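Reviewing the structure listed below.
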Amino acid sequence: MDKTYQPQAIEKSWYQTWEKNGFFKPSGVGESYCIMIPPPNVTGSLHMGHGFQESIMDALIRYHRMKGRNTLWQVGTDHAGIATQMVVERQLDAQGISRHDLGREKFIEKVWEWKAESGGTITQQLRRLGASPDWSRERFTMDDGFYKAVQEVFIRLYEEKLIYRGKRLVNWDPKLHTAVSDLEVISEEEDGHLWHFRYPLTDGSGHLVVATTRPETMLGDTAVAVHPEDERYRQLIGKTITLPLVGREIPIIADDYVDREFGTGCVKITPAHDFNDYEMGQRHSLPMINIFDNDARTNANVPEKYRSMDRFDARTLVVEDLQALGLLEKIDDHKLKVPRGDRTGVVIEPYLTDQWYVKTQPLAEEAIRAVEDGDIQFVPKQYENMYFSWMRDIQDWCISRQLWWGHRIPAWYDRQGNVYVGRSEAEVRQKHNLPDDLSLQQDDDVLDTWFSSGLWTFGTLGWPEQTDLLKTFHSTDVLVTGFDIIFFWVARMIMLTLHFRKEVPFHTVYVHGLVRDSHGQKMSKSKGNVIDPIDLIDGIELEDLVAKRTAGMMVPRMREKIEKQTRKEFPNGLAAYGTDALRYTYYSLASTGRDIKFDVGRIEGFRNFCNKIWNASRYVLMNCEVQDEQGNRLSAHDCDQDNSGGYELSVADRWIISRLQQVEKAFAEGVESYRFDLASQALYDFIWNEYCSWYLELSKPVLTSADFSAAQKKGTRRTLIRVLEATLRLAHPLMPFITEEIWQRIKDLAGVSTADGQGETIMTARLPECEPGKIDQQAMADVKWLQGVIEGVRNIRGEMNISPAKSIPLFFANGSANDRRCLDDNRLFLTRLASLESITWLNPGDTAPMSATALVGDMEILVPMAGLIDVAAETARLNKEIDKLKKESARVQGKLGNAKFVDNAPAEVVQKEKDKLADMQAALGKLEEQAIKLATL
RNA sequence: AGGACUAUAGCUCAGUUGGUUAGAGCGCUACCUUGACAUGGUAGAGGUCCCCAGUUCGAAUCUGGGUAGUCCUACCA
C-alpha cells in the first residue's frame, strides 16, 4: 500500500466495476426499500446542493442495501421546460436563428439533439460522487412512457372536472412569452416612485388625486376606488372621472379594500393588469381593458399616440404628457416589491390569457390529511407547518405554458372553439363522433414541468401499467429534498399520487438544509462564490478557479472583486480531497439546521481522516502478513482466517470489540433518525480516537514482545483485522471508495466467506450490527483504568517537558486490590505505552521518593523528580490542579449545604453529588499534602 | 403585517426526557521525525452557553419578554 492515501488512484475504477457488475440494481430479495431521486434539471451541472443531497441518498441506499433490503434508487432527469428551451434558443441565437425561423417541429428536434450531446453532464457527475442508483432504469420526464402517464393524468383529471380552461389574470413573462406560476416569480424590494396624478371629475367640479407606481397602466383604468366610509370622498361615489389622455369616462366606486391611510386614499383601478384590481373589477363588474400585447408593448386599446410602445417608454411618455397638462401633482420616492421572473429577471406582467388550471382544493384536502394522519412524516417535523399553511390556502394551479419544449396538452379545438380532450386526434374524433372533414387543431401549449414531475414516484415505475415494480417499490420509503421545493414539487407529488394511486408517494420527507458558502452566503454564479464539488474531488489550480468564477462576468468591477476575493480565500486553489472526504464533510454537516455553511477547512480534516484509515490498515496488514520490501504479501500470519480457533483475547481485544458494538448501535441510530452528523461523528471518534489512538498502540506490545504467547498474538491479529473489516463495512455507506479498496485487500485475512458470490464487493456485504453479548464491561473498565494511568504519566511528561524518548520509573501508592490486579494484568501495556523504565508497587508504610503526582481514582501514581523535574514547575502544576478542584468542590459543597436541594432532589442525584465531593476532597487532600512536601524541600 | 428558524470556544458545529467539571473538528501555543500515518503524535490555552425576567432544590436545556440575523408567506395603489 502507498504510504499516503491517493483517492484518485482508486475511485474511478471501483465505480466502473460496480456499475459494470450491476451491483446497483435491486437484489430482488428481501423487503423493498426505494428512494426516488429528485430529478435534476437536464440542463444542470452538479452544484454543492446536489452533492449534499445525493450523498445523503446514497448513504441511505447503501445502508439499507447492506441491511439486506431489496433496494431501488430510481434515477433520472427532468426535461425542465423553460430552462432547456432557453439553453437551446441561446445556442440558435448565436447562429442568428430564432426558434420561429425553424418552426416547432425542427426546434424540438434540435432540443433532442442538444439533450443527446449535453444532457448527460449531471449524471456523469453523479457517478463521480459514488452514487449508486440503478442506472439501467434511468428515466427522463420526456420519455414516451412518461408522456403516457402525463397524458393519462391530464385526461382523467379533465374528465373528473378537476382540470378546466379559463381566461384569468396570470403572471406573464414578456420575454419568454409564457405564463409562469406564482412560485416562479420572485418579488423583491426595489427603489421606485409613487406618482400622484390629478384625475378631473367629469362634471368639472374638481379632481381626485390618485397615486400609482405604474403610471402607464392608467391607459387601462376603468374606475377609481375610494373607501366607502371615507368622509373626504363619500359625496363623490357614483360620480365619474374623465380619464386624462384617454378621455374615457370611468366611475368612482366604493370598496373597503381601499386603505384610507395610504397615499391619497384614492386608487386607480386597472382590472386587466393588477391582481387586486382584477378582483375588484369582478366585484363591481368593471370592464377589463387589456392594454398590452405578448411583449408587454402597448396595443390598439390605447390612444394612437401611445401605441406599440415598450411599457417603460409608455410610462415616461404618460408622465410627461400628464405633467404638460398640469395633472402631475408630485413624485415621491417609494420602495416597492417588483415581481420578476426567476429565469429571465424581467418584470412580470399580470396579463389576461386563456390557460389551463388544476382545481387543487379537493386534491389538497386529501394531501393535508395524509400528513395529519402521519402517513407521511416530515423530518424535521417543523416543516409540516410550512406544508400545512401553504396547502390550506392553496390557489388553483395554472398548468399551461406557452412553450414548445414540454408535454403538449392533449386537447383539440374546432373552429367554434369547442374543446375535445383525448389521447390523440383520432381518439377524440371517435369519442365525440366528429366528422372527418371537421378541422381540429391541437392546443399549442405544453404543461408545466412540475405537472409531470408530480408523477415522478409512480410514473417512473411504469404507471399506468400495473407493473411488478410498481407493486414492489411504491409507496417509496423516503424523499430527500430541500425545503425550497416543498411547494413546487413535494406538495404536488403528494396531491397527484394520492389521487391516482390512493396511496402516498413516500412515507417520509427528509428535508435538509441548503448549502451556503463559509460566510453563510448563498452560492451563486453572480456572487462568484460557487464551489464545484468536482473541483473539491479532483482539485483545481488557483488560476483555473479564478477563470471559472469570472467567466461570463460582464461588469469589470464585479470581475475584479470576485477575482480578489477568490485569490484571498483560496491562495493555493483547491487540493484534490477525493470523493470520500467530500462525502464525509457533507455528512458531518447534516444536522437539523436550515443553513449549511461549507468551510473548505473541514474537508481537509476528513481527507486526513481517510489517510488515517489508510495508514491504520497499512499497519494491520503489515502485522497480519509477511511482506516484502514493497509491501507485497509473501505469506499470511495466522489471523484465524480459517476460523480454526485456538486464540486468546487480551483485555484490549475485548475492549475494542465492545466499543465496536456500541458504535454500531450509535451509527444505526444516527442514520435511522437522519442525523448523519451524529452517525459520522460516532464513527470518526471510534476509528481515530479508539481504534487508531489506543487499540493499535495496545496491539504493538502483544505483537512485538516475546512475553506474549502465540495464542495471544493470534487473538490480537484476529481482532485487529476483524474489527477493521467490520468497521469498513460500517463506514461503507458514507465513504464507499476507500472502504472497498481496503476491504478487498483484507477480506480473506478477516475470514470473509466467498461462498455464493458473497465477498465479491463490500457493497453487498452485511452491515455489522450491535451484538450486546459481545460487550465486556470488565474489559471496558480495565482499559479505562489503563488509559487513566497512561494519561496521568503523559500529563506529567507533557507539563514537565520530559522527552518522550526518556524512559522513566513509576511508583504506585495507595492502590486497591483492584488497582493491583489491573496493574498485574496490564504491566506490559503500561510499560510500553507510557515508556516506563520500571514499575514499583508501594505497600502501606513504604516510603516514596520525592515525586510528581497524578491521581487515578484513589490511587496515586508517582514519577520521581530526581534529575527530571523542577520543583517550581511541579508546584505550579499541582497548584493549578488544586485550584480547579477547590473551586469545583466549593460549588458542590454549597449545593449540598442547601437544604432545599437535599430535601427535594432525587436521592440518587444527591448521592452522586456527595460521592463527587468525597472524591474531590480526597484528591484535594493528597495534592495538598504533596504540595506541602514540595514546599519543605 | 403574520409565521418559522437560528444565537454555545477565534471559526464551523454537537449537546438526547432539566442534574456533565459544557464537548468535537479546524485554528492557536509548546514539545516531538518513536518502527501505520507530519494528511502524524503528546500536552496545553481558550466559553458571562445573545440579554432580561420567571418556573424549579437545580436552567445551555422549560416559559414569557427583548435584541440580532436568516428565511418563508401575504402585502398599500
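Since we're looking at a predicted model, the values are computed, not measured.
Between the P atom of U70(B) and the CD atom of Q521(A) lies a distance of 9 Å, rounded to the nearest Å. For the pair E384(A) CD and C5(B) P, the interatomic distance rounds to 13 Å; values are reported in whole Å. Look at OH on Y383(A): it is 10 Å from C1' on C71(B), rounded to the nearest Å. The CZ atom of F606(A) sits 9 Å away from the P atom of C26(B) (whole-angstrom rounding). Protein atom CD of E690(A) is 13 Å distant from nucleotide atom P of A24(B), rounded to whole Å. Atom-to-atom, CG of N801(A) to P of C31(B) comes out at 8 Å; the value is rounded to the nearest Å. At whole-Å resolution of the value, CH2 in W195(A) and P in A77(B) are 12 Å apart. Rounded to an integer number of Å, the gap from CZ of R891(A) to P of G19(B) is 13 Å.
Spacing of P atoms, C71(B) relative to C32(B), comes out at 50 Å, to the nearest Å. Look at the P atom in both A60(B) and C50(B): the space between them is 10 Å, to the nearest Å. Rounded to the nearest Å, the gap between the C1' atom of G18(B) and that of C62(B) is 7 Å. For the C1' atoms, the distance linking C52(B) with C11(B) amounts to 28 Å, nearest Å. The gap from the C1' atom of G44(B) to that of U6(B) amounts to 32 Å, rounded to the nearest Å. For the C1' atoms, the distance from A7(B) to U17(B) is 24 Å, rounded to whole Å. Spacing of C1' atoms, U61(B) relative to U20(B), comes out at 12 Å, to the nearest Å. For the C1' atom pair drawn from C51(B) and A14(B), the interatomic distance equals 24 Å after rounding to whole Å.
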Base-pair string, RNA chain B, Watson-Crick plus G-U, cut-off 3.5 Å on both distances, | for inter-strand, is (((((((..((((.....[...)))).(((((.......))))).....(((((..]....))))))))))))....
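Residues meeting the salt bridge (charged side-chain N to carboxylate O under 4.0 Å, His left out) test with K522(A), sequence neighbours left out: none. Looking at residues two or more places apart in sequence or on another chain, you find a salt bridge (charged side-chain N to carboxylate O under 4.0 Å, His left out) between D595(A) and R516(A). R198(A) meets the salt bridge (charged side-chain N to carboxylate O under 4.0 Å, His left out) test with E329(A); sequence neighbours excluded. Considering only residues two or more places apart in sequence or on other chains, R283(A) meets the side-chain hydrogen bond (donor to acceptor under 3.5 Å, both in side chains) condition with D255(A). Every residue meeting the side-chain hydrogen bond (donor to acceptor under 3.5 Å, both in side chains) condition with E190(A), not counting sequence neighbours, appears here in chain and number order: R340(A). Residues passing the side-chain hydrogen bond (donor to acceptor under 3.5 Å, both in side chains) test with E279(A): none are found, sequence neighbours excluded.
In this structure the side chain of N632(A) never reaches within 4.5 angstrom of the side chain of Q627(A), judged on heavy atoms. Within the 4.5 Å cutoff, the side chain of D333(A) has no heavy atoms near those of the D191(A) side chain.
Using a 4.0 Å cut-off between charged side-chain N and carboxylate O, R877(A) and E881(A) make no salt bridge. Residues D332(A) and K330(A) are paired through a salt bridge, judged by an N-O separation under 4.0 Å between the basic side chain and the carboxylate. The residues E669(A) and K665(A) are annotated as salt-bridged, a charged nitrogen and a carboxylate oxygen being separated by less than 4.0 angstrom. Using a 4.0 Å cut-off between charged nitrogen and carboxylate oxygen, E625(A) and R633(A) count as a salt-bridge pair.
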Polar atoms only, N or O, under 3.5 Å: list the protein pairs with nucleotides 72-75 of chain B and their distances.
residue : atom : partner : partner atom : Å
A74(B)  : N6   : K337(A) : NZ           : 3.3
C75(B)  : N4   : K337(A) : NZ           : 2.7

For nucleotides 55-58 of chain B, which of its nitrogen or oxygen atoms have a protein nitrogen or oxygen under 3.5 Å away, and what is each distance?
residue : atom : partner : partner atom : Å
C57(B)  : O4'  : K900(A) : O            : 3.3
C57(B)  : O4'  : N904(A) : ND2          : 3.3
C57(B)  : O2'  : N898(A) : ND2          : 3.4

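Interface residues of residues 210-220 of chain A facing RNA chain B, ordered by number: A211(A), T212(A), T213(A); criterion, heavy-atom separation under 4.0 Å.
For the side-chain contact (heavy atoms from CB on, under 4.5 Å) with L621(A), the lone residue among L724(A), L720(A), I742(A), L749(A) that qualifies is L749(A).
Nearest nucleotide to the side chain of H334(A), out of U70(B), A77(B), C5(B): A77(B).
For the pair K612(A) and Y684(A), the cation-pi test (distance below 6.0 Å, angle within 45°) is failed.
The heavy-atom pair separating P380(A) from V511(A) by the smallest distance is CD-O, 3.4 Å.
Side-chain atoms of T585(A) and Y577(A) include no donor-acceptor pair closer than 3.5 Å.
Remark: side-chain polar atoms of H227(A) are not paired, donor with acceptor, to backbone N or O of G265(A) under 3.5 angstrom. Judged purely by atom type and a 3.5 angstrom limit, R797(A) uses its side chain to pair as donor or acceptor with the backbone of K806(A).
Ring geometry for F609(A) versus W688(A): interplanar angle under 30°, hence parallel rather than tilted (30 to 60°). Classification of the H512(A)-F52(A) ring pair by plane angle, with boundaries at 30° and 60°, yields perpendicular.
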Reading nucleotides 34-45 of chain B from 5' to 3' and marking B where a protein heavy atom lies under 4.0 Å of the base, S where only the sugar-phosphate is that close, and - otherwise, the string is -BBBSBSSSSSS
Contact string for nucleotides 9-18 of chain B, one letter per nucleotide 5' to 3', B = base within protein heavy-atom range under 4.0 Å, S = sugar-phosphate only, - = neither, reads ---BSSS---
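Contact between the side-chain N/O atoms of H196(A) and the OP1/OP2 oxygens of A77(B) is not found at any separation under 4.0 Å.
The base of U70(B) lies close enough to the side chain of R594(A) for a donor and an acceptor atom to sit less than 3.5 Å apart.
Comparing S803(A) and K268(A), the nucleotide of RNA chain B nearest to each residue sits closer to the 5' end for S803(A).
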